[in-house]
Amino acid sequence: MDNKSNYSEDLKVIKKMMEESSRFLSLSGLSGLFAGGTALAGGIAAHFIILRSKTSVIDEFLINLSLQESGKMRNLLIADALIVLILALAGAFYFSIKKLRKKGLKIWTPISRRLLINLFVPLITGGFFVLMLYIADQWLLIVPAMLIFYGLSLVNAGKFTYSEVYYLGIAEIITGMLAAIFQGSPLFFWIFGFGFLHIGYGLLMYRKYEE
């Protein structure tokens with residue numbers, strides 16, 4: 001019995017070593033919670049401060065403003081989205097690095113490099129496409145594009161980390177597609193995709209891997 005037990009433990013150790021050598025397993029659930037909370041705060045700021053609680057249908061609100069006011073409002077919404085993105089990425093790096101240091105593992109490895117490359121190629125491509133939409137004044141497609149390209153980056157990066165990242169990416173893509181079909185309320189899809197989906201993902205990751 002002891003031999004069988006030792007054999008089973010050895011297999012578990014070998015499996016763990018193989019996973020750690022082929023996947024980045026130091027993503028923290030707290031980063032998902034932080035990103036989701038930041039997105040919710042950004043959505044609330046957009047609705048109550050920038051749009052002044054008048055509507056969640058951004059295009060209808062902007063069309064009733066003067067050209068100067070409309071341009072100012074759009075710039076504020078873009079700034080709000082960029083702040084959320086920067087804070088969410090900073091939180092993801094901070095909590096992941098903290099988890100790595102706690103485990104005594106290296107931060108910069110071949111796996112982490114591949115993860116970041118696969119994450120940022122679709123993300124940077126999406127950022128360029130969103131910029132083109134902004135220049136072309138195609139506001140109703142900006143939030144769908146952000147969600148879809150962000151989802152693609154997660155699906156791409158999911159090959160090198162937890163499978164939950166892959167499924168979060170699929171959920172983001174579906175949300176983006178729905179936002180493209182139902183273009184009336186981009187703020188709702190923004191809050192759901194970047195806020196609630198991240199919070200759900202963060203809670204799942206924290207309970208499964210960190211408690």
Would a hydrophobic clustering, with Ile, Leu, Val, Met, Phe, Trp and Tyr connected at side-chain separations under 4.5 Å, put L76 with I86? no

Rounded distance [0.5 Å steps], CD in Q183 versus CH2 in W139: 14.5 Å

Taking the side chain as every heavy atom from C-beta outward, state whether M205 and L33 have any atom pair closer than 4.5 Å. no

Please determine whether side-chain contact (heavy atoms from CB on, under 4.5 Å) holds for the pair F128 and T125, giving the CA-CA distance in whole Å, both sets of side-chain angles, and the decisive distance to 0.1 Å. CA-CA 5 Å; F128 175 78; T125 305; 5.8 Å; no

State which residues pass ring-ring contact (aromatic ring centres under 6.0 Å, His included) with F93; sequence neighbours excluded, sorted by chain then number. none

For the residue pair G42 and D80, what are the closest heavy atoms and their distance? O-OD2, 2.8 Å

One should read off an interatomic distance between L168 CG and T175 OG1, to the nearest 0.5 angstrom, of 9.0 Å

Are there over 12 heavy-atom neighbours, none belonging to Y166, within less than 6.0 Å of that residue's OH? no

Side-chain contact test, heavy atoms from C-beta onward, threshold under 4.5 Å: evaluate it for Y150 versus L147 and give yes or no. no

Could you check if a side-chain atom of F194 sits within less than 4.5 angstrom of a side-chain atom of F189, using non-hydrogen atoms only? no

Do the side chains of Y134 and V130 join up, straight or via other hydrophobic residues, at under 4.5 Å, putting them in one cluster? yes

Is any side-chain heavy atom of Y201 closer than 4.5 Å to one of V165? yes

As an exercise, state the distance from CG of L82 to CG of L77, rounded to the nearest 0.5 Å. 11.0 Å

Can you name the nearest heavy-atom pair linking V84 to T38, along with the distance? CG2-O, 3.7 Å

Rounded distance [0.5 Å steps], CD1 in I135 versus CG in L131: 4.0 Å

Can you find a pair of side-chain heavy atoms, one from L119 and one from L154, that are under 4.5 Å apart? yes

How many angstroms lie between atom CD1 of I170 and atom CG of L152, to the nearest 0.5 angstrom? 8.5 Å

Please give me the minimum heavy-atom distance between N156 and P122, naming the atom from each residue. ND2-CG, 3.8 Å

Under 4.5 Å between any side-chain heavy atoms of E172 and M146, yes or no? no

Over all atoms of both residues, closest heavy-atom pair of S31 and A92: CB-CA, 3.4 Å

In terms of heavy-atom contacts, G43 and W190 come closest through N-NE1, 4.0 Å

Can I78 be reached from I148 by stepping across I, L, V, M, F, W or Y side chains whose heavy atoms are under 4.5 Å apart? yes

Can you find a heavy atom in the side chain of V143 that is under 4.5 Å from one in the side chain of F188? no

Could I get the full list of side chain to side chain contact (heavy atoms under 4.5 Å, CB included) partners for F196, not counting sequence neighbours? L40, I191, F192

Atom pair CZ (F160) and CG (L116), whose distance is rounded to the nearest 0.5 Å: 11.0 Å

Give the other cluster members for V121, using side-chain heavy-atom distances under 4.5 Å between Ile, Leu, Val, Met, Phe, Trp and Tyr residues; answer none if it is isolated. I117

Test item: Y162 and K208 side chains (from C-beta on) under 4.5 Å apart, heavy atoms: no

